[in-house]
A.B. asks: 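I'd like to ask some things about the structure below.
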Amino acid sequence: MTQLKELPLTELQFYATAPYPCSYLPGKTARSQVATPSHLIHADLYGELVNAGFRRSGLYTYRPYCDECNACIATRIPVKHFVANRSQKRSWKKHIGLDIRVLKLGYQEEHFQLYQHYQNERHAGSEMDQDDQNQYMQFLLQSRVNSRIIEFRDGSNDTDPGRLRMVSMIDILDQGISSVYTFFDAKNTSASYGSFSILWQIQQAMELDLPYLYLGYYIENSEKMSYKTKFQPIEGLVDDHWQPIIGP
């Protein structure tokens, strides 16, 4: 991992959490390294931390810091070199007609209801399917960087906003877009909403002339996290260096 002395703003402090059950690999324990104090982590500094493998959850900035495991690999897509595969092209064509709106951070009950349905469908039995309104707001609606909500709806017109299908939370940084979290109507398992969200974010990064889309952590042996290598080329932060990863 990148040495702490290489990180900007020496006022930052870093601490390791106590071990806790890993959310992605059964039987494993995990730890995180947390950057504090959060009020010093403005957009420029957060961009540097993202390049060093950190992510954020609300105002909490962290990266994996496990004792005996290095399965989590930070990832980014160099968007100008991205080439969609056949499945991704189908997803783009299928959903390009959705009404897409970019919003400032703010609570909307409709978003929260979709979030709860998504967690119940995708994460049943985990801690996330029990998130209440306050936990949702702390997780997704608190930020000190340039963050946006992206709404995806269908059937919208001048009098009807249409049915909410998906919501993505993104951070816009100097070096790229960081994909924070996406939730969607998960009842239709063949809809490929998640893939379309990534494709849309790649396009937005290109239009903003930003070089990268940061996709969070890739874990080869986790079905929930291994899908990221389907978006090629993709780079992973391995041994302190960003390098191509292919996946299984």
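Heavy atoms only: backbone and side chains are in, while hydrogens, waters and symmetry mates are out.
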A.B. asks: Could you check whether Q133 and Y107, counting side-chain N and O atoms only, form a donor-acceptor pair closer than 3.5 Å?
C.D. replies: yes
A.B. asks: Hey, is the main chain of L215 close enough, under 3.5 Å, to the side chain of K228 for a donor-acceptor pair?
C.D. replies: yes
A.B. asks: Taking the ring of F139 and the ring of Y181, is the distance between their centroids below 6.0 Å?
C.D. replies: yes
A.B. asks: Taking all heavy atoms of F183 and all of H111, pick out the closest pair and write down the distance.
C.D. replies: CE1-O, 3.3 Å
A.B. asks: At their closest point, which heavy atom of Q201 faces which heavy atom of T182, and how far apart are they?
C.D. replies: NE2-OG1, 4.1 Å
A.B. asks: Determine, stepwise, if the pair R165 / D154 fulfils salt bridge (charged side-chain N to carboxylate O under 4.0 Å, His left out).
C.D. replies: CA-CA 7 Å; R165 293 296 188 179; D154 64 14; 2.8 Å; yes
A.B. asks: Does any part of the side chain of R56, heavy atoms only, come nearer than 4.5 Å to the side chain of V50, both counted from C-beta?
C.D. replies: no
A.B. asks: Can you give me the closest heavy-atom contact between I219 and C72, atom names plus distance?
C.D. replies: CD1-SG, 3.6 Å
A.B. asks: Would you please say whether a donor-acceptor pair under 3.5 Å links the side chains of S226 and E220?
C.D. replies: no
A.B. asks: Looking just at side-chain N and O atoms, do S195 and R90 make a donor-acceptor pair shorter than 3.5 Å?
C.D. replies: no
A.B. asks: Please determine whether a side-chain nitrogen of the Lys or Arg among D209 and K80 lies less than 4.0 Å from a carboxylate oxygen of the Asp or Glu.
C.D. replies: yes
A.B. asks: Can you check whether G47's main-chain N or O pairs, donor with acceptor, with Q175's side chain at less than 3.5 Å?
C.D. replies: yes
A.B. asks: Minimum heavy-atom separation for L25 and A71, please, with both atom names.
C.D. replies: CD1-CB, 4.0 Å
A.B. asks: Donor-acceptor check, side chain of D239 to backbone of H241, threshold 3.5 angstrom: yes or no?
C.D. replies: no
A.B. asks: Establish, yes or no, whether a centroid distance under 6.0 Å links the rings of F152 and Y193.
C.D. replies: no
A.B. asks: Is any NZ, NE, NH1 or NH2 atom of the basic residue among E110 and R153 found under 4.0 Å from an Asp or Glu carboxylate oxygen of the other?
C.D. replies: yes
A.B. asks: Between D185 and R163 (salt bridge meaning N to carboxylate O under 4.0 Å), is one present in this structure?
C.D. replies: yes
A.B. asks: Please check if the number of heavy atoms outside N134 that lie under 6.0 Å from its CG is greater than 12.
C.D. replies: yes
A.B. asks: Any cation-pi pair here, R76 with Y212, using under 6.0 Å and within 45°?
C.D. replies: yes
A.B. asks: Any side-chain donor-acceptor pair under 3.5 Å between Y24 and N221?
C.D. replies: no
A.B. asks: Can any side-chain N or O of H42 pair as donor or acceptor with the backbone N or O of L45 at less than 3.5 Å?
C.D. replies: yes
